[in-house]
2 protein chains.
Amino acid sequence: MPGETQGRLTIQDIARLAGVSKATVSRVLNRNPSVDPLLAERVTKVVQEHNFVPNITATVLAGGRTQLIGVLAPPLNWPAMPEIMRGVAEYLEGSPYEIVLYCIGSQRNHADVLNRILAMRMISGLLAIFPGGLASQLATHFQQGLPLVMIDDQEEPDGMPWVGIDNPTSAYEATRHLLACGHTRIAHIQGPTNYHCTLERYQGYCRALREAGIEPDPDLLLQGNFEQSGGRHCASVLFARDRERWPSAIFIGNDEMAYGFLEVAQELGVRIPEDIAVVGFDDYVISAHTTPPLTTVRQPFSNIGRTAIELLLTMIDRMNEKQPPKDGRQTAGGVPTQDFVVDPPCIQLATTLVQRASSRLVLPAARNQPGSNL
Amino acid sequence: MPGETQGRLTIQDIARLAGVSKATVSRVLNRNPSVDPLLAERVTKVVQEHNFVPNITATVLAGGRTQLIGVLAPPLNWPAMPEIMRGVAEYLEGSPYEIVLYCIGSQRNHADVLNRILAMRMISGLLAIFPGGLASQLATHFQQGLPLVMIDDQEEPDGMPWVGIDNPTSAYEATRHLLACGHTRIAHIQGPTNYHCTLERYQGYCRALREAGIEPDPDLLLQGNFEQSGGRHCASVLFARDRERWPSAIFIGNDEMAYGFLEVAQELGVRIPEDIAVVGFDDYVISAHTTPPLTTVRQPFSNIGRTAIELLLTMIDRMNEKQPPKDGRQTAGGVPTQDFVVDPPCIQLATTLVQRASSRLVLPAARNQPGSNL
DNA sequence: TTGTATGCGTTATCAA
DNA sequence: TTGATAACGCATACAA
């Protein structure tokens, strides 16, 4: 049975067992075409029989390539993370690569973590997810030759490969949906203005309104924080106004704030969507379970993860092709992934508007038919 | 500014810059007390100035210790995973260790992945989360000296350190709660019977009933699958019976199945908790948002993760103390973590019953007071 | 096509 | 207390 498991063996042992030199074993392991097919087969057989796996540290030290992808991530209980990581992990399962996960919470100095990661020289590439203030540092590393892809919605993608969504269009579609439901007084709760996506979503919202001949009303623009508390606060402010100043619909910058908004509405007895229709943004898992279920823009999180990692692996491969392996690590001022550096790809994935009860078109006559689907 | 970042430097460079030998630098880095304090300070200064971080691969190869903890995990979008990983990551943030994450989905051969992980000899310890069929293999590795902790609810903890909850007691409390609400016909939907936790929860349920003088009714025991579909199925079966054969309450083996159950109840117009009170198990995030919100047993997932990783680090430390470093990696038949091997600790954390609307005690007179909190 | 020899960056042994 | 040096396991330039 090939269940030896103990990786005690070295390439030397395999060489002895197969009656060849270490160099040949190494060549076989690295699929070097210069080795005789029959010999290769013999060696391969020994390798498999003994379940041999090269010592990765020795491999790297000797100038080989790691099969390790670094993932710099926020805490995994951020609502978008599980799905993103699912996409990443599923794609990686079909490859020889493994994940080295660096979760950065609040405690430690993020820049230090990043430096440690890179200085350890253990990873072949880095996937940076919502890196916050690290963006510019990351860009520098990328320019210096580190294969890197960023998933982010805070900084404007600039100077490095990026995967995300088309925020303006997504927000445009969300607002169009409310317009199509017959609403004309549509409010908006935006996120923190230092988030690039906040501005983009606001742009999309404005464009939809203007196309419908409606000038965005500053009175209907509320400032949130992308957290539930912000949604609650804005709801309180809004519902404290005279009823005639209420909007008939609201597009909320993210689902988290929408949850807070719905809570307050329920507490105050404001009916959703009869009194005010609500559309969110993100489609986190809870959104299908709120009361009422939330109409929202679905971000394709797992696909974002998949796409990002796919791009990263492509970059790594490209780099390996161009650079003679041994130099790959010595790349002083070298610029691997040349073309990527010159024009870093920005991949925007499509979102989907998921229509649920919070924005159902309510015809006056239909109010007593809870079962109606429109 | 100490923002050099580029880890090009080697210990040799630092040695030259500090005017000492590599050996001394190495000693300083490893806090070897035999080095002169003043000299140490001088070296430390150079290290910091240049932001030097040792090449981890060289360190390991030379017999040093890795600061890498392997985490063998199911897909991160499994509902319990984000919280478990939060606990793990938060604890690790305060340590010098990093996570190497191995997500095992359906695609690849799990045993192979495990072998590769260990053969790479890169990790100092392994945290195995819901390892499924790998339990026995893991036990073997643990017996052979691998610091290892398992978080699991499928296999009976045996032969290796384990962190989880007290299922019988938790189920007992859940059932007691329903009894306290005045119910006497209490059904149970159990999970797959090849899960150890399924049997344990059933035991707790039975004990509570018997203590109340009620003999568990086989007619009220339904077979689920721990998935939503199972909850739906059981609900359909139950509600298809004559009304007088319905239970007045049900304890469902996990929240996932409870979601399916609630869905069917809503579709059929069965009132929760008036017609039937529901208690689940797990307290996933959605449970607070179902209609009605679900009473359930909260598993302290993040604490489970924290506790497990804490135990693992303790084991690693213990091993490092006992074994002269250089041998640590050569440990042929050696048995590090001796005491742990002899009697692997099983840590059971307490659960909490979270009371929500799905099991509210409904007094006949209170039916028209939706706001009542009991 | 294959084998020999060297070096990767660190730790640890042995002398000094 | 410090320095020189031999591993560690692998990849590769070079020689055969």
Side-chain angles (χ1 to χ4, degrees), chain A residues 6-16 18-43 47 50 52-67 119-122 320 323-331, chain B residues 6-43 47 50 52-68 119-122 320 323-331:
Chain A
Q6 284 308 335
R8 242 122 258 144
L9 286 69
T10 72
I11 203 172
Q12 184 70 272
D13 300 318
I14 301 297
R16 192 167 7 85
V20 298
S21 72
K22 305 196 304 180
T24 301
V25 176
S26 176
R27 290 188 189 102
V28 172
L29 290 172
N30 294 298
R31 309 219 183 310
N32 185 322
S34 82
V35 61
D36 180 82
L38 272 74
L39 222 194
E41 197 183 350
R42 198 169 89 216
V43 174
V47 167
H50 293 77
F52 173 75
V53 180
N55 180 321
I56 195 176
T57 59
T59 303
V60 173
L61 194 55
R65 317 187 202 295
T66 349
Q67 314 266 57
M120 288 196 302
R121 7 210 78 249
M122 208 183 41
N320 288 346
Q323 300 240 340
K326 182 78 177 189
D327 302 348
R329 138 183 82 94
Q330 304 281 13
T331 174
Chain B
Q6 284 308 334
R8 291 268 103 79
L9 287 69
T10 72
I11 203 172
Q12 184 70 271
D13 300 317
I14 302 297
R16 192 170 4 87
L17 289 163
V20 297
S21 72
K22 333 188 279 181
T24 300
V25 177
S26 176
R27 284 192 270 261
V28 172
L29 290 172
N30 294 299
R31 310 221 181 310
N32 185 323
S34 81
V35 59
D36 182 82
L38 272 74
L39 221 194
E41 196 182 351
R42 199 169 86 216
V43 174
V47 166
H50 293 78
F52 172 75
V53 179
N55 179 322
I56 194 177
T57 58
T59 303
V60 173
L61 193 56
R65 317 189 203 293
T66 348
Q67 314 267 55
L68 257 28
M120 288 195 302
R121 4 213 79 251
M122 208 183 42
N320 288 345
Q323 301 241 338
K326 180 80 177 191
D327 302 348
R329 137 183 81 94
Q330 303 282 13
T331 174

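Numbers restart at 1 for each chain; the letters A, B, ... are given by sequence-line order, proteins then strands. For clarity, every value in this text was computed on a predicted model and none was experimentally measured.
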So what is the end-to-end bend of the helix from dT1(C)-dA16(D) to dA16(C)-dT1(D), with 5 pairs used at each end and the value given to 10 degrees? 40°
Detail all sub-3.5 Å separations between protein N/O atoms and N/O atoms belonging to nucleotides 2-5 of chain C.
from   : atom 1 : to       : atom 2 : distance (Å)
dT2(C) : OP2    : Asp36(A) : N      : 2.5
dG3(C) : OP2    : Ser21(A) : N      : 3.2
dG3(C) : OP2    : Ser21(A) : OG     : 3.1
dG3(C) : OP2    : Thr24(A) : OG1    : 2.5
dG3(C) : N7     : Arg27(A) : NH1    : 3.3
dG3(C) : N7     : Arg27(A) : NH2    : 3.2
dG3(C) : O6     : Arg27(A) : NH2    : 2.3

dT11(C) phosphate, OP1 or OP2, under 4.0 Å from Ser26(B) side-chain N/O: yes
Using whole Å, report how far [atom1] of [X] lies from [atom2] of [N].
{"X": "Asn30(B)", "N": "dT13(C)", "atom1": "CG", "atom2": "C1'", "result": "15 Å"}
{"X": "Asn32(B)", "N": "dT11(C)", "atom1": "CG", "atom2": "P", "result": "11 Å"}
{"X": "Leu29(A)", "N": "dA11(D)", "atom1": "CG", "atom2": "P", "result": "6 Å"}
{"X": "Ile56(B)", "N": "dC8(D)", "atom1": "CD1", "atom2": "C1'", "result": "15 Å"}
{"X": "Ile11(B)", "N": "dC8(C)", "atom1": "CD1", "atom2": "C1'", "result": "14 Å"}
{"X": "Asn55(A)", "N": "dC8(C)", "atom1": "CG", "atom2": "C1'", "result": "13 Å"}
{"X": "Leu61(A)", "N": "dA7(D)", "atom1": "CG", "atom2": "P", "result": "17 Å"}
{"X": "Gln12(A)", "N": "dA7(D)", "atom1": "CD", "atom2": "P", "result": "14 Å"}

Going from [atom1] on [X] to [atom2] on [Y], what distance comes out if it is rounded to the nearest 0.5 angstrom?
{"X": "Thr24(B)", "Y": "Asp36(B)", "atom1": "OG1", "atom2": "CG", "value": "10.0 Å"}
{"X": "Leu9(A)", "Y": "Asn55(A)", "atom1": "CG", "atom2": "CG", "value": "12.0 Å"}
{"X": "Thr10(B)", "Y": "Lys22(B)", "atom1": "OG1", "atom2": "NZ", "value": "8.0 Å"}
{"X": "Ile56(B)", "Y": "Leu68(B)", "atom1": "CD1", "atom2": "CG", "value": "5.0 Å"}
{"X": "Arg42(B)", "Y": "Leu17(B)", "atom1": "CZ", "atom2": "CG", "value": "11.5 Å"}
{"X": "Gln12(B)", "Y": "Ser21(B)", "atom1": "CD", "atom2": "OG", "value": "9.0 Å"}

When you compare the side chain of [Y] with that of [X], does any pair of heavy atoms fall below 4.5 Å?
{"X": "Phe52(A)", "Y": "Asp13(A)", "answer": "no"}
{"X": "Val47(A)", "Y": "Val28(A)", "answer": "no"}
{"X": "Ile11(A)", "Y": "Leu29(A)", "answer": "yes"}

Using the closest heavy atom to pick a nucleotide of DNA chain C for each, name whichever of Ala58(A) or Pro33(A) lands nearer the 5' end. Pro33(A)
